[in-house]
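Here's the structure we're looking at; comments come further down.
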Amino acid sequence: MKINILKYTISWVGLLVLAILNGAIREKVYQPFMSELSAHQLSTAMGLCLFGIYIWFLTGTWRIGSAAEAFTVGGIWLVFTILFEFFFFHYAMGHPWSRLLQDYNLFKGRVWILVLLWTAIAPYVFYRIRS
């Protein structure tokens, strides 16, 4: 189990690459043709799909052995994602905390939290499908 957790922890980098690629596609391809909110929502949907494909591939390559292992992987990915988002975008990119927190406001159509939820539960969902 420890080796599997280590593999999945390292594989979080793949999620990061997909998120950066998804953001670049949003900025260059379709955001100029729609509102920022619509682009955010479309990008979120695309991110969910990209993450799902990647996680499906991973869970087929490295079988998750238990529900506890699946939740551990999802929890690690969730923590890494949140830490990266807040520390990188605040300290490296200079975005204010208020801008970072606005993506969590579902009442204003900001659906980023769905990516975090999916990142946390997808290993379990695919573990259950494959077992």
Side-chain angles (χ1 to χ4, degrees):
M1 179 172 155
K2 288 181 183 179
I3 297 293
N4 225 18
I5 295 294
L6 180 61
K7 288 177 184 176
Y8 275 100
T9 299
I10 294 167
S11 69
W12 174 83
V13 173
L15 293 173
L16 177 61
V17 169
L18 289 172
I20 291 168
L21 177 64
N22 187 35
I25 291 169
R26 177 187 66 229
E27 296 292 322
K28 300 292 182 194
V29 176
Y30 55 87
Q31 187 165 331
F33 305 103
M34 58 179 53
S35 72
E36 192 280 330
L37 180 60
S38 294
H40 162 79
Q41 293 168 340
L42 178 57
S43 179
T44 298
M46 289 177 62
L48 294 171
C49 293
L50 289 170
F51 278 24
I53 292 166
Y54 178 67
I55 296 166
W56 177 256
F57 171 77
L58 289 177
T59 58
T61 303
W62 304 315
R63 295 292 177 149
I64 294 176
S66 67
E69 185 178 346
F71 283 120
T72 299
V73 168
I76 290 168
W77 285 352
L78 176 64
V79 169
F80 279 17
T81 302
I82 292 170
L83 288 174
F84 179 82
E85 177 191 9
F86 282 104
F87 284 98
F88 177 78
F89 286 106
H90 179 72
Y91 292 109
M93 301 299 290
H95 295 172
W97 294 113
S98 59
R99 179 174 173 192
L100 296 175
L101 291 172
Q102 84 177 5
D103 280 336
Y104 291 84
N105 191 340
L106 285 170
F107 297 110
K108 292 193 176 183
R110 309 303 290 191
V111 291
W112 163 249
I113 200 159
L114 297 176
V115 172
L116 297 178
L117 231 112
W118 181 234
T119 300
I121 67 166
Y124 177 74
V125 170
F126 292 136
Y127 159 73
R128 295 292 297 165
I129 290 170
R130 292 181 181 282
S131 55

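Between the His90 side chain and the His95 main chain, a donor and an acceptor come within less than 3.5 Å of each other. Under the 3.5 Å distance criterion, the side-chain polar atoms of Gln41 are left unmatched by any main-chain donor or acceptor of Val111. Side-chain atoms of Glu27 never come within 3.5 Å of backbone atoms of Gly23 as a donor-acceptor pair (strictly under, hydrogens ignored). When atom types are taken as modelled, the side chain of Trp77 and the backbone of Tyr8 share a donor-acceptor pair closer than 3.5 angstrom.
Contact between Asn22 and Ser43 at its shortest, heavy atoms only, is ND2-O, 2.8 Å. Contact detail for Pro123 and Ala70: the closest heavy-atom pair is CB-O, 3.5 Å. Across all non-hydrogen atoms, the minimal contact from Leu48 to Val115 is CD2-CA, 3.7 Å.
In this model, no donor atom of one side chain and acceptor atom of the other lie less than 3.5 Å apart for Ser11 and Trp62.
Classification of the Tyr127-Tyr124 ring pair by plane angle, with boundaries at 30° and 60°, yields tilted.
Separation of atoms CD1 (Ile82) and CZ (Phe86) is listed at 7.0 Å; rounding is to 0.5 Å. Note that CG of Leu58 is 8.5 Å distant from CD1 of Ile64, once rounded to the nearest 0.5 Å. Interatomic distance, Tyr104 OH to Glu85 CD, rounded to the nearest 0.5 Å: 3.5 Å. How far CH2 of Trp12 is from CG of Leu15: 8.0 Å, rounded to the nearest 0.5 Å. Within the model, atoms CZ of Arg26 and OG1 of Thr44 stand 8.0 Å from one another, a figure rounded to the nearest 0.5 Å. Going from atom CD1 of Ile76 over to atom OG1 of Thr9 covers 3.5 Å, rounded to the nearest 0.5 Å.
The same ILVMFWY cluster, assembled from side-chain heavy atoms under 4.5 Å apart, contains both Val13 and Phe80. If you chain together hydrophobic residues whose side chains sit under 4.5 Å apart, Leu117 and Leu100 never meet in one group. Trp112 and Val79 fall within the same hydrophobic cluster, defined by Ile, Leu, Val, Met, Phe, Trp and Tyr side-chain heavy atoms under 4.5 Å apart, directly or through other members.
Sorted by first and then second residue, the ring pair (Phe, Tyr, Trp, His ring centres under 6.0 Å) pairs involving residues 26-61 (not counting sequence neighbours) are Trp56-Phe126. For residues 108-129, the salt bridge (charged side-chain N to carboxylate O under 4.0 Å, His left out) pairs, not counting sequence neighbours, are Glu36-Arg110, Asp103-Arg110.
For Arg63, the side-chain hydrogen bond (donor to acceptor under 3.5 Å, both in side chains) test picks out no residue, with sequence neighbours left out.
Counting heavy-atom neighbours within 6.0 Å of Ile129 CD1, excluding the residue itself, gives a total above 12.
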